Enquirer: 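First, the structure itself, so that you have it in front of you.
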Protein chains: 2
Amino acid sequence: MSVPDLPTMCAALSDPTRWELLTRLGQGAMSASALARVLPVSRQAIGKHLEVLREVGLVESEQRGREVVYLVVGARLSSLARELDRIGRSWESGLLRIKQLAEQPDQDPPPLP
Amino acid sequence: MSVPDLPTMCAALSDPTRWELLTRLGQGAMSASALARVLPVSRQAIGKHLEVLREVGLVESEQRGREVVYLVVGARLSSLARELDRIGRSWESGLLRIKQLAEQPDQDPPPLP
DNA sequence: GTGATGTGCAACCATCTAGTTGCACACCGA
DNA sequence: TCGGTGTGCAACTAGATGGTTGCACATCAC
């Protein structure tokens, strides 16, 4: 899996059903069929959701006997969080800089060389 | 604006055009028309995107003369980041706990009262 | 072996969404 | 006063998406 860009990562997290899947998997690995038994969605739909999550690295799959169980990858979510925080801070500091400029009226104008 | 849930916040961030808007606004407040001048998208489409971002609190709007300028709210993204990180960590610790349990075979079984 | 269970793949459908165009109206400046 | 610019609202379209059903096939347990 190549590292997905931010919009793709966020798109994977934009569906309530996928959050439900992630939350369940957060309590322990499960197969698609097992998830379909406890959720009001077909096994095939769940399979598609898990594939989306796997593509962005939020879950990993593992063959166990004849079934395929999925494990959540919390570190992936945390690394996304770090990146979002970094960007959010940069926006804030940028606005701060501009606000400071606006609050210095006609003071110390840059000399034209 | 009521606080939006995680899927809704992530959905707002799942579109490349909206990230483009946020990035531009990160360098300074702009109006929808000004954004439309520098992006290959119509002013109306940009207006819809900005409305989506405003609903989840990622931008704020401000009347300036006859135009409406939009400002990015970096703190909103950072607070989302904190929440995602918290969840990611909880998943990791949960898996760790289960892994530890699995690695203690038939040891210290709980007494039945 | 045989039935039950789990998986994979494909076709199909309804709805959401990101984009467009078009028009009406407000307002600023020369 | 009048042209240019900015905004708001509505209608429409193509494609993405989340969901379904159906079927074929592998595999585990009895």
Side-chain angles (χ1 to χ4, degrees), chain A residues 1-2 4-25 27-72, chain B residues 1-2 4-25 27-72:
Chain A
M1 173 213 63
S2 64
D5 52 13
L6 287 172
T8 305
M9 281 290 296
C10 292
L13 292 171
S14 71
D15 186 89
T17 302
R18 283 198 281 270
W19 273 101
E20 181 70 35
L21 295 178
L22 290 170
T23 304
R24 302 273 180 167
L25 294 178
Q27 301 169 249
M30 292 178 76
S31 69
S33 296
L35 286 163
R37 253 180 262 119
V38 297
L39 292 183
V41 187
S42 71
R43 190 253 313 170
Q44 285 82 346
I46 289 180
K48 291 184 196 174
H49 283 305
L50 290 172
E51 177 59 21
V52 171
L53 293 172
R54 211 180 52 77
E55 277 170 359
V56 300
L58 282 168
V59 305
E60 287 172 356
S61 61
E62 189 179 307
Q63 195 87 27
R64 275 192 202 168
R66 77 172 145 175
E67 46 187 312
V68 180
V69 298
Y70 291 82
L71 306 92
V72 78
Chain B
M1 172 211 64
S2 63
D5 52 13
L6 286 173
T8 305
M9 280 291 296
C10 292
L13 292 171
S14 72
D15 186 90
T17 302
R18 283 198 281 270
W19 273 100
E20 181 69 37
L21 295 180
L22 290 170
T23 304
R24 301 273 181 166
L25 294 179
Q27 303 168 248
M30 290 178 78
S31 69
S33 297
L35 286 163
R37 251 180 262 120
V38 297
L39 293 183
V41 187
S42 70
R43 190 254 313 169
Q44 285 84 343
I46 289 181
K48 291 184 196 175
H49 284 304
L50 290 172
E51 177 59 21
V52 171
L53 294 172
R54 211 180 52 77
E55 276 170 359
V56 299
L58 282 168
V59 305
E60 287 172 356
S61 62
E62 190 180 307
Q63 195 86 27
R64 274 192 204 169
R66 78 172 145 173
E67 47 186 309
V68 179
V69 299
Y70 291 82
L71 306 92
V72 78

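Computed from a predicted model, the values in this text were never measured in an experiment. Just so we're on the same page: letters track the sequence lines, and every chain starts at 1.
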Enquirer: Using a heavy-atom cut-off of under 4.0 Å over every strand shown, decide if A:Gly47 touches base, sugar-phosphate, or nothing.
Expert: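 It contacts nothing in the nucleic acid.
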Enquirer: If you assign B:Gln63 and A:Thr17 each to the DNA chain D nucleotide with the nearest heavy atom, which residue ends up on the more 5' nucleotide?
Expert: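 Going by which nucleotide is closer to the 5' end, it is B:Gln63.
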Enquirer: Check the phosphate of C:dG6 against A:Ser31, side-chain N and O only, distance under 4.0 Å to OP1 or OP2. Yes or no?
Expert: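 A:Ser31 to C:dG6 OP1/OP2: no side-chain N or O under 4.0 Å.
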Enquirer: Would you kindly compare B:Arg43 and B:Lys48 by the position of their nearest DNA chain C nucleotide and give the one closer to the 5′ end?
Expert: B:Lys48
Enquirer: Is there a donor N/O on one and an acceptor N/O on the other, under 3.5 Å, for the side chain of A:Arg66 and the base of C:dT7?
Expert: no
Enquirer: Hey, could you give me the CG/CG distance between B:Leu58 and B:Leu71, rounded to the nearest 0.5 Å?
Expert: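 The distance works out to 13.0 Å.
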Enquirer: So does B:Arg64 reach the base of D:dG6 with its side chain, donor to acceptor, closer than 3.5 Å?
Expert: no
Enquirer: May I ask you to decide whether B:Glu51 forms a salt bridge with B:Arg54, counting only side-chain N to carboxylate O separations under 4.0 Å?
Expert: yes
Enquirer: How many Å lie between CD on A:Glu62 and P on C:dG6, as a whole number?
Expert: 17 Å
Enquirer: Nearest-Å distance, CG (B:Leu39) to P (C:dA18)?
Expert: 15 Å
Enquirer: How do A:His49 and A:Gly65 order along DNA chain D: which one's closest nucleotide is nearer the 5' end?
Expert: A:His49
Enquirer: Do you know which two heavy atoms are closest between B:Ala11 and B:Ser14, and how far apart they sit?
Expert: O-OG, 2.7 Å
Enquirer: Could you tell me how far apart B:Glu51 (CD) and C:dG19 (P) are, to the nearest whole angstrom?
Expert: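 Between P of C:dG19 and CD of B:Glu51: 16 Å.
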Enquirer: Examine C:dT21: is either OP1 or OP2 under 4.0 Å from a nitrogen or oxygen in the side chain of B:Ser42? Give yes or no.
Expert: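 So the side chain of B:Ser42 is outside the cut-off, no N or O lying under 4.0 Å from OP1 or OP2 of C:dT21.
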Enquirer: Taking atom C1' of C:dG19 as reference, at what distance in whole Å does atom CG of B:Leu35 sit?
Expert: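 One finds 16 Å between C1' of C:dG19 and CG of B:Leu35, rounded.
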Enquirer: Counting side-chain heavy atoms from C-beta on, which of D:dG6, C:dT7, D:dG19 comes nearest to B:Arg37?
Expert: D:dG6
Enquirer: When you get a sec, tell me which of D:dG6, C:dT7, D:dG19 is the closest nucleotide to the side chain of A:Asp15?
Expert: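 Looking only at heavy atoms from C-beta outward on A:Asp15, the closest nucleotide is D:dG19.
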Enquirer: Measure from the side-chain N and O atoms of B:Trp19 to the backbone N and O of B:Leu13, and report whether any donor-acceptor pair falls under 3.5 Å.
Expert: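 Answer holds: yes.
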Enquirer: Specify the separation, in whole Å, of atom CG of A:Leu50 and atom P of D:dT17.
Expert: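 My rounded result for the distance is 17 Å.
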Enquirer: Between B:Arg18 and B:Glu20 (salt bridge meaning N to carboxylate O under 4.0 Å), is one present in this structure?
Expert: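 A salt bridge is absent here (no side-chain N lies under 4.0 Å from a carboxylate O).
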Enquirer: I'd like to know if A:Gln44 reaches the base of D:dG18 with its side chain, counting only an N/O donor and acceptor under 3.5 Å.
Expert: no
Enquirer: For A:Ala32 and B:Arg18, take the nucleotide of DNA chain C holding the closest heavy atom to each; which residue's nucleotide lies nearer the 5' end?
Expert: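 Result: A:Ala32.
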